[in-house]
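Worth knowing before you read on, the calculation uses all heavy atoms, side chains too, and leaves out hydrogens, waters and symmetry mates. We count ligands from 1, going down the list as the structure has it; atoms in each ligand are counted the same way.
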Amino acid sequence: MNGDGKSCDGLPPLRDVVATYDLAARKSLGQNFLFDLNLTGRIARAAGPLAGVTVVEVGPGPGGLTRALLTEGAARVIAVERDERCLAALADVAAAYPGRLQVVEGDALETDWRALVAGISGPVRLCANLPYNIGTVLLAGWLETDPWPPWFDRMILMFQREVAERIVATPAQRVDYGRLGVLAGWRAQARILFDVPPSAFSPPPKVTSSVVELIPREKPLPCNGKILTAVTASAFNQRRKMLRQSLKGLAVNGRTLDALELLKAAGIEETKRAEEVDVAGFATLARMAEEMGG
Ligand code: SAM
């Protein structure tokens with residue numbers, strides 16, 4: 001594919017697809033479409049090499065990234081789209097790549113991902129330009145999935161730059177470091193690959209976007225994900241307060257824990273704040289909380 005609108009798959013330029021099928025972007029669905037084939041190709045290559053790989057895409061829309069993934073050699077793309085207006089355009093893509101595109105009409109928030117990919121042989125990878133309004137909820141769901149290692153071998157996802165920074169943050173970036181950074185750091189190695197300016201989208205969003213790569217850790221530090229989430233929620237909800245204060249009221253298995261006892265058991269100073277505790281510290285807190293709440 002190239003950037004002047006011509007494609008090597010014989011399908012019309014994306015602007016024409018959007019006009020033909022009257023796909024005026026809807027804000028409520030987080031629709032900011034990519035028309036630049038160089039850019040969709042770059043995102044698809046970031047997910048590659050794709051030979052033998054099944055790619056799960058959320059929100060194919062008019063099919064720009066979908067086409068790039070197929071052109072770059074994905075064995076198969078399973079695309080979950082909520083907007084039924086996009087289905088006719090996606091049917092054209094499916095016809096251009098026989099047997100390689102499965103479009104699922106539905107809500108990504110309600111999707112049973114394991115069932116979706118059940119029976120597929122070979123690696124499964126997530127690649128998507130996510131609707132900005134549900135991006136973090138979807139990511140948290142994929143990171144919290146059990147059993148682990150998960151059903152995907154890698155995630156290449158586009159978020160708003162500010163969200164991307166929170167995903168890759170460590171205690172060194174205090175302002176950005178929070179629940180999402182702990183969850184992502186616990187289960188994956190995350191990094192920002194490149195930025196995408198607002199002008200690349202139609203309509204242009206207000207802010208810059210970033211493509212993030214998340215590679216699942218084979219052996220995350222042992223702890224219960226739900227308890228880790230409860231601990232980080234409690235700690236970061238009052239991020240300016242010391243942990244001896246912010247962890248007060250933390251309950252595990254219906255039992256309210258003694259914050260001082262918990263911090264002592266985890267070997268973490270009671271005067272520390274959430275943003276000073278790294279992922280290993282939170283995993284230890286979650287393990288101790290589970291012991292004390294059990
Ligand atoms: N992939 C296309 C592209 O890059 O041009 C469109 C990306 S656009 C940012 C987000 C897409 O997600 C839209 O097509 C929108 O309809 C779809 N979407 C929004 N909410 C969804 C949901 N809950 N489940 C599935 N798809 C959704």
Q.
Looking only at protein heavy atoms, which one is nearest to atom 23 (N) of ligand 1, and what is the separation?
A. Asp107 OD1, 2.7 Å
Q: Ignoring hydrogens and angles, state whether a donor on the side chain of Gln160 or Ser209 is under 3.5 Å from an acceptor on the partner side chain.
A: no
Q: Considering only non-hydrogen protein atoms, determine which one is nearest to atom 13 (C) of ligand 1 and report residue, atom name and distance to 0.1 Å.
A: Gln31 CG, 3.6 Å
Q. Quick one: does Cys86 get a heavy atom under 4.0 Å from ligand 1?
A. no
Q) Given Arg82, Glu84, Glu57, which one has a non-hydrogen atom that is nearest to atom 27 (C) of ligand 1? A) Arg82
(Q) As an exercise, state the distance from CG of Leu262 to CE of Met292, rounded to the nearest 0.5 Å. (A) 5.0 Å
Q. What atoms of ligand 1 come within less than 4.0 Å of a heavy atom belonging to Asp83?
A. 16 (O)
**Q.** Distance from atom 5 (O) of ligand 1 to nearest protein heavy atom, with residue and atom
**A.** Leu34 N, 2.8 Å
Q: Tell me yes or no: between the side chains of Asp195 and Ser210, is some donor less than 3.5 Å from an acceptor?
A: yes
Q: Could you tell me whether Arg85 sits above the aromatic face of Tyr21, with NZ or CZ closer than 6.0 angstrom to the six-membered ring centre and within 45 degrees of the axis?
A: no
**Q.** atom 19 (C) of ligand 1: the protein heavy-atom neighbour that sits closest, reported with distance to 0.1 Å
**A.** Leu29 O, 3.0 Å
Q. Which residue and non-hydrogen atom of the protein lie closest to atom 3 (C) of ligand 1, and at what distance in Å?
A. Asn129 ND2, 3.5 Å
**Q.** Non-hydrogen atoms of Trp148 and Pro216 that approach each other most closely
**A.** CZ2-CB, 3.5 Å
Q: Mind checking whether Ala128 contacts ligand 1 via backbone (N, CA, C, O), side chain (CB onward), both or neither, at a 4.0 Å heavy-atom cut-off?
A: neither
Q. Identify the closest protein heavy atom to atom 16 (O) of ligand 1: which residue and atom is it, and at what distance?
A. Glu81 OE2, 2.6 Å
Q. Is it the side chain (CB and beyond), the backbone, both or neither of Ile134 that lies under 4.0 Å from ligand 1, heavy atoms counted?
A. side chain
(Q) Only heavy atoms of Val80, strictly under 4.0 Å: list the atoms of ligand 1 that pass. (A) 25 (C), 26 (N)
Q: Would you confirm whether the ring centroid of Phe201 sits within less than 6.0 angstrom of the ring centroid of Phe35?
A: no
Q | Salt bridge Arg161-Glu165, side-chain N to carboxylate O under 4.0 Å | A | yes
Q: Salt-bridge test for Glu276 and Arg174: reply yes if a basic N is under 4.0 Å from a carboxylate O, no otherwise.
A: yes
Q) For ligand 1, which atoms have a heavy atom of Pro60 less than 4.0 angstrom away? A) 1 (N), 2 (C)
Q) Can you find a side-chain donor-acceptor pair between Thr71 and Tyr97 that sits under 3.5 Å? A) yes
Q. Using 4.0 Å as the upper bound for N to carboxylate O, is an ion pair formed by Arg42 and Asp36?
A. no
Q. In the protein, which heavy atom is nearest to atom 24 (N) of ligand 1, and how far is it?
A. Ala108 N, 2.8 Å
Q. Which of the listed options, Gly61, Pro131, Cys127, holds the heavy atom that is closest to atom 18 (N) of ligand 1?
A. Pro131
(Q) So if I count the atoms of ligand 1 from 1 in the order they appear, which ones are less than 4.0 Å from some heavy atom of Gly106? (A) 24 (N), 25 (C)
Q: Answer side chain, backbone, both or neither: which part of Arg26 comes under 4.0 Å from ligand 1, heavy atoms only.
A: neither
(Q) Return the closest protein heavy atom for atom 6 (C) of ligand 1 as residue, atom name and distance. (A) Gly59 O, 3.3 Å
Q. Looking at Arg166 and Asp176, does any basic side-chain N land under 4.0 Å from a carboxylate oxygen?
A. no
Q.
Give me the atom names and distance for the closest heavy-atom approach of Leu14 to Pro62.
A. CD2-O, 4.0 Å
(Q) Heavy-atom contact check, 4.0 Å cutoff: does Gly30 meet ligand 1? (A) yes
